[in-house]
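Here the structure comes first, spelled out in C-alpha cells, and everything after it is commentary.
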Amino acid sequence: MSETATPAVTWSDAAAGVMTITLQRRPANALGLPIIDGLNAALDAADADGSVKVIVVRSDIPGFFAAGADIKHMSSVDAESFTAYGDRLRGALDRLASADRITIAAVDGLALGGGLELAMACTLRVGGADAKFGLPEVKLGLIPGAGGTQRLPRLVGRGRALDIMLTARQVPADEAHAIGLIDRLVDAGGAADAALALAAELCTMSLPAQRAVIRTVDAAFDTPLDEGFRFEVAQEQDLFESGEAKEGITAFLEKRTPRFA
C-alpha cells in the first residue's frame, strides 16, 4: 500500500474501501496547523477517490492519540489569528463529521482537548483500555472551541458533559465506554486493529443506506419527533427508489451476498 505524506500526517490509498489517516506530529500530536493542513489534504485525497467508504484515524505516537490544541502557537498569536486558527481547526473537524463517509477514531493513549474533539467528530470511536479522554480547557481560562461543548453533551448527556468539562478531569476508557463517549472498548494497544476490522465490516454494507442512517439519527437531535418521523420516511423512500435497496432485497431473496457499490 503506497503512502502519501505531509510533515504531520500520512494517509494510505484506499484498500477495499478503507483509508487510514495516521497522525504523527511529535511529541504528542498537538493540533497545530501542520496537522490541520494534513487532515485537509488527506480528506481531499479521500474526496478524489470515489472508492473510499470508511476512514480510520489513528496515531503513530505511543501514549497519545492527540494531546490537544497547539498551545505554543496559541500563545504567540493575537485575537484575530487565534480566531482564524480556531476556524481552520473546526473546518477540518467538520469535514470529518460529514455524513458522506463513515469515520472511525482509533484511540490509544491520551485524547485531550482538541484531540477528543477530533475523536468526537468521527462517526464512531474505538478506544484501547489505556486510553484517557478529557476537555481541560478551563485550566487555560478557555472553553472547548472546536465542537466539544456541542458534541460531548450529545454523546453522554448534559450532566456528564458538564462534569467532564468543569472539572477538566481525564476519563478512563472503561468509564468512557460505559457513558457512551466511545463505542467499543478493546485491549490496550488494540484500537487501530479493532477499528480496521470494524471498517472492513462496515464496507460490506450499502453506503447510501449508511449515509441515510447517519443523517436520520443526527436529525433526531435537532428536530421535533413528528418532523423526525417524516424525515425518516423520506430517506427510506429515496433509498427504495434510487438507492441500493433493489440489490439488497434481490440478494436476500436469492440467498446471496449483495453486490453493493
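Residue numbers count from 1 along this sequence. Note that the coordinates shown come from a computational prediction; the quantities given were computed from them, not determined experimentally. When reading the values below, keep in mind they use all heavy atoms of this one structure, side chains included, and skip hydrogens, waters and symmetry mates.
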Say you draw a straight line from CG of Leu23 to CG of Leu118; how long is it, rounded to the nearest 0.5 Å? 6.5 Å
Is there a continuous path of hydrophobic side-chain contacts, each under 4.5 Å between heavy atoms, that joins Val156 to Leu162? no
Closest non-hydrogen atoms of Ala173 and Ala129, given as atom of the first, atom of the second and distance, are CB-O, 3.7 Å
The complete set of ring pair (Phe, Tyr, Trp, His ring centres under 6.0 Å) pairs with one or both residues in residues 74-94, sequence neighbours excluded, reads His73-Tyr85
Using distance only, find each side-chain donor-acceptor pair of residues 102-115 under 3.5 Å and give its atom names and separation, not counting sequence neighbours.
from	atom 1	to	atom 2	distance (Å)
Thr103	OG1	Leu96	O	3.2
Thr103	OG1	Thr123	N	3.0
Thr103	OG1	Thr123	OG1	3.3
Asp108	OD1	Gly189	N	3.0
Asp108	OD2	Ala191	N	3.1

Using side-chain heavy atoms (C-beta onward) and a distance below 4.5 Å, is Ile55 in contact with Val57? yes
Whether Arg25 side chain and Ala30 backbone form a donor-acceptor pair below 3.5 Å: yes
Report, as yes or no, whether the 6.0 Å neighbourhood of atom CD on Glu254 holds more than 12 heavy atoms from other residues, nucleotides or ligands. yes
Arg256 atom CZ: more than 12 heavy-atom contacts under 6.0 Å: yes
For residues 138-155, run the donor-acceptor check on the side chains, cut-off 3.5 Å, and write out each pair with its distance to 0.1 Å, sequence neighbours left out.
from	atom 1	to	atom 2	distance (Å)
Arg151	NH2	Asp94	OD1	3.3
Arg154	NH1	Gln150	O	3.0
Arg154	NH2	Asp222	OD1	3.4

Of the options Ile164, Val171, Asp163, which is the one that meets Thr167 in a side chain to side chain contact (heavy atoms under 4.5 Å, CB included)? Asp163
Can you name the nearest heavy-atom pair linking Arg26 to Pro62, along with the distance? NH1-CD, 4.5 Å
Answer with yes or no whether the hydrophobic clustering places Val186 together with Val54; edges join I, L, V, M, F, W, Y residues whose side-chain heavy atoms lie under 4.5 Å apart. yes
Heavy-atom pair of closest approach, residues Gly248 and Pro258: CA-CB, 4.4 Å
Can you list everything that forms a salt bridge (charged side-chain N to carboxylate O under 4.0 Å, His left out) with Glu236? Sequence neighbours excluded, please. none
With a 3.5 Å cut-off and sequence neighbours excluded, list the donor-acceptor pairs that the side chains of residues 194-206 form with protein atoms.
from	atom 1	to	atom 2	distance (Å)
Thr204	OG1	Glu201	O	2.7
Ser206	OG	Ala209	N	3.4
Ser206	OG	Glu244	OE1	2.7

Is the closest side-chain heavy-atom distance between Gln235 and Val213 below 4.5 Å? no
Establish whether Ile61 and Leu116 are linked, either directly or via other cluster members, by ILVMFWY side-chain heavy-atom contacts under 4.5 Å. no
So Asp44 and Trp11, do their side chains get closer than 4.5 Å, heavy atoms only? no
Could you check whether any side-chain heavy atom of Leu207 comes within less than 4.5 Å of a side-chain heavy atom of Phe260, counting everything from C-beta outward? no
So if you build clusters from Ile, Leu, Val, Met, Phe, Trp, Tyr with side-chain heavy-atom gaps below 4.5 Å, do Leu33 and Ile35 land together? yes
Just how far is it from atom CD of Glu175 to atom CZ of Arg169, taken to the nearest 0.5 Å? 4.0 Å
Working to the nearest 0.5 angstrom, can you tell me the gap between Thr22 OG1 and Asp60 CG? 6.0 Å
Closer than 4.0 angstrom, basic N to acidic O: yes or no for Arg58 and Asp193? no
How long is the straight-line distance from OG of Ser98 back to CD1 of Ile214, given to the nearest 0.5 Å? 8.5 Å
Output the distance between atom CG (Leu39) and atom CD1 (Ile36), rounded to the nearest 0.5 Å. 8.0 Å
With a 3.5 Å distance limit and no angle check, can you tell me whether Arg125 reaches the backbone of Asp183 through a side-chain donor-acceptor pair? no
Could you state whether Phe221 and Leu181 fall into the same hydrophobic cluster, counting links through intermediate Ile, Leu, Val, Met, Phe, Trp or Tyr residues with side-chain heavy atoms under 4.5 angstrom apart? no
More than 12 heavy atoms of other residues, nucleotides or ligands under 6.0 Å from CG of Asp238: yes or no? yes
Give, for atom CZ of Arg101 and atom CG of Leu43, the distance between the pair rounded to the nearest 0.5 Å. 6.0 Å
Exam field: side chain Asn29 to backbone Ala67, donor-acceptor pair closer than 3.5 Å: no
Results of salt bridge (charged side-chain N to carboxylate O under 4.0 Å, His left out) for Arg90 - residues two or more places apart only: Asp87
